[in-house]
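Values in this document were obtained by computation on a predicted structure and should not be read as measured data. Below, each value reflects all heavy atoms present in this structure, side chains not excepted, and no hydrogens, waters or symmetry copies.
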Amino acid sequence: MTENQPPAAAYDAVVLAGGAARRLGGADKPAVRVGGRPLLDRVLAACADARTTVVVAGPRPTARPVTWAREAPPGGGPLAALDAGLRHVTAEHVVLLSADLPFLDGRTVAALLDTLRRGRADGVLLSDSDGRDQPLVAAYRTPSLRRELAALSAAHGGTAGLPLRRLTGALDLLRISDPVASFDCDTWDDIATARARIREHGHVLDEWISAVKDELGIDLDVDTGVLLDLARDAAHGVARPAAPLTTFLVGFAAARAGGDADAVAEAARKAVALANRWAEEDTQDAKPAAPTSGVAPETRTDAG
């Protein structure tokens, strides 16, 4: 954020993570790993800038702190879970997410919120590759959700057991088509598809870097292209083992200099310049230039 750029409007997030996962044989779906990270942690990373993140499920270790809530009764369905989560929400806008979205990222969350703020609709949700609404990948106006939840609770004596469409059907909603971000993992085939896609050449490096940052507790957005260029220059201009050793030393130097993205960039810049100088020396002719006058060059140690 620059000095003249206003801060982004605050929002809260509610993540529903307490389903029975019957199509996974009752497995603990939020804990299933895709790309080395639990599905729940992947979703939490996508809404990392939320002011408050509420996870409706039994407490468990997560990559970042959250507020835990539980629907009454446990297993009461998505409307009861949403009702429980909203009790901890104070922002005007809330992002509602399921815990099984392997390809959701912060850009999609921002797009949902931006579209909601620019219009007057009650919510903005994603649609999948078949054009179906995905109400658990959406941004809503918090008062709209509370209004409809209160009406349903009054009409039915509570929200437990009611389908989510009873709420969304009463809202004015906009749609954004995004087959990738809306992809959810309901079956083991879905899990296999997600794992295979993440290991494709175009995705694997970003996925690996994200997994490492989560594992090490690093919240730092760096230019990976700069580091890759450094590793290439060190490997080609010096020796192949120089690449991992140099990038390690760059990280160590950046940490000593404050550990932010600028420190990484400056340490990498210095190392790249050194690697380039090293490579240039290797290609230069080290022999003295041949004399042009027929006179042998002075070779005495005290010459000149």
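Note on D122 versus R141: no salt bridge recorded, every NZ/NE/NH1/NH2 to OD/OE distance being 4.0 Å or above. Taking the charged nitrogens against the carboxylate oxygens, E200 and R197 have no contact shorter than 4.0 Å, which rules out a salt bridge. Ionic pairing of K29 and D186 is present here: one or more N-O contacts between side-chain nitrogen and carboxylate oxygen are shorter than 4.0 angstrom.
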- Taking it one step at a time, do R60 and T62 satisfy side-chain contact (heavy atoms from CB on, under 4.5 Å)? CA-CA 6 Å; R60 67 183 63 218; T62 53; 4.2 Å; yes
- Task: Could you check R195 against V32 for side-chain contact (heavy atoms from CB on, under 4.5 Å), going step by step and ending with a plain yes or no?
- Result: CA-CA 11 Å; R195 287 171 171 168; V32 173; 3.8 Å; yes
- Working for side-chain contact (heavy atoms from CB on, under 4.5 Å), residues L39 and L101: CA-CA 7 Å; L39 283 168; L101 302 165; over 6 Å; no
- Task: For T115 and L174, run side-chain contact (heavy atoms from CB on, under 4.5 Å): C-alpha distance rounded to whole Å, both residues' side-chain angles, the deciding distance at 0.1 Å, then the answer.
- Result: CA-CA 9 Å; T115 304; L174 298 176; 4.1 Å; yes
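Donor-acceptor pairing under 3.5 Å is recorded for the side chains of R64 and T53. Checking S98 against D100 by side-chain atom types alone, a donor-acceptor pair falls below 3.5 Å. T108 and D105 share a donor-acceptor pair across their side chains, judged by distance under 3.5 Å alone.
Judged by distance alone, with hydrogens and angles left aside, the side-chain atoms of E71 form a donor-acceptor pair with the main-chain N or O of G75 at under 3.5 Å. In this structure, S153 contributes its side chain and L149 its backbone to no donor-acceptor pair below 3.5 Å. Proximity of a side-chain donor or acceptor of D190 to a complementary backbone N or O of T187 within less than 3.5 Å is detected. No donor-acceptor pair closer than 3.5 Å links the side chain of D128 to the backbone N or O of P179. A donor-acceptor distance shorter than 3.5 angstrom exists from the side chain of D12 to the backbone of T90, with no hydrogens or angles considered. The closest donor-acceptor contact from the side chain of D133 to the backbone of S127 lies at 3.5 Å or more, if one exists at all. At distances below 3.5 Å, not a single donor-acceptor pair connects side-chain atoms of D130 with backbone N or O atoms of R132.
Residues L164 and P78 have side chains in contact (heavy-atom distance under 4.5 Å, counting atoms from C-beta outward). Residues L126 and R175 have side chains not in contact (no heavy-atom distance under 4.5 Å, counting atoms from C-beta outward). Residues W68 and V56 fail the side-chain proximity criterion, which asks for heavy atoms closer than 4.5 Å. Two residues are said to be in side-chain contact when any heavy atoms from C-beta on lie closer than 4.5 Å; E92 and P143 meet this criterion. Contact check for R117 versus L113: side-chain heavy atoms found under the 4.5 Å cut-off. Taking the side chain as every heavy atom from C-beta outward, L96 and Y140 approach each other to under 4.5 Å. Contact of the L167 side chain with the L82 side chain is registered, since non-hydrogen atoms from C-beta on lie closer than 4.5 Å. Considering only heavy atoms from C-beta on, C185 comes within 4.5 Å of P102 through its side chain.
Here the CZ-CG distance, from R165 to L79, works out to 10.5 Å after rounding to the nearest 0.5 Å. A distance of 12.0 Å separates OG of S182 from CG of L136, quoted to the nearest 0.5 Å. One finds the CG atom of D184 at 12.0 Å from the CG atom of L97 (value rounded to the nearest 0.5 Å). To the nearest 0.5 Å, atoms NE2 (H93) and CG (D114) are separated by 10.5 Å. Separation of atoms CD (Q134) and CD1 (I176) is listed at 13.5 Å; rounding is to 0.5 Å. Rounding to the nearest 0.5 Å places CZ of R42 at 10.0 Å from CG of L104.
Each of V43, L44, T67 was scored for a side chain to side chain contact (heavy atoms under 4.5 Å, CB included) with V55, with one residue passing: L44.
V66 and L16 are not part of a single hydrophobic cluster, where members link through side-chain heavy atoms under 4.5 Å apart. Under a hydrophobic clustering in which Ile, Leu, Val, Met, Phe, Trp and Tyr are joined whenever their side-chain heavy atoms come within less than 4.5 Å, directly or via other members, V180 and V137 fall into different clusters.
Residues A91 and T142 share a closest heavy-atom pair of O-OG1, 2.8 Å. Scanning both residues, A69 and V54, for their nearest heavy atoms gives CB-CG1, 3.8 Å.
Under a cutoff of 6.0 Å and an axis angle of 45°, R51 and Y11 do not form a cation-pi pair.
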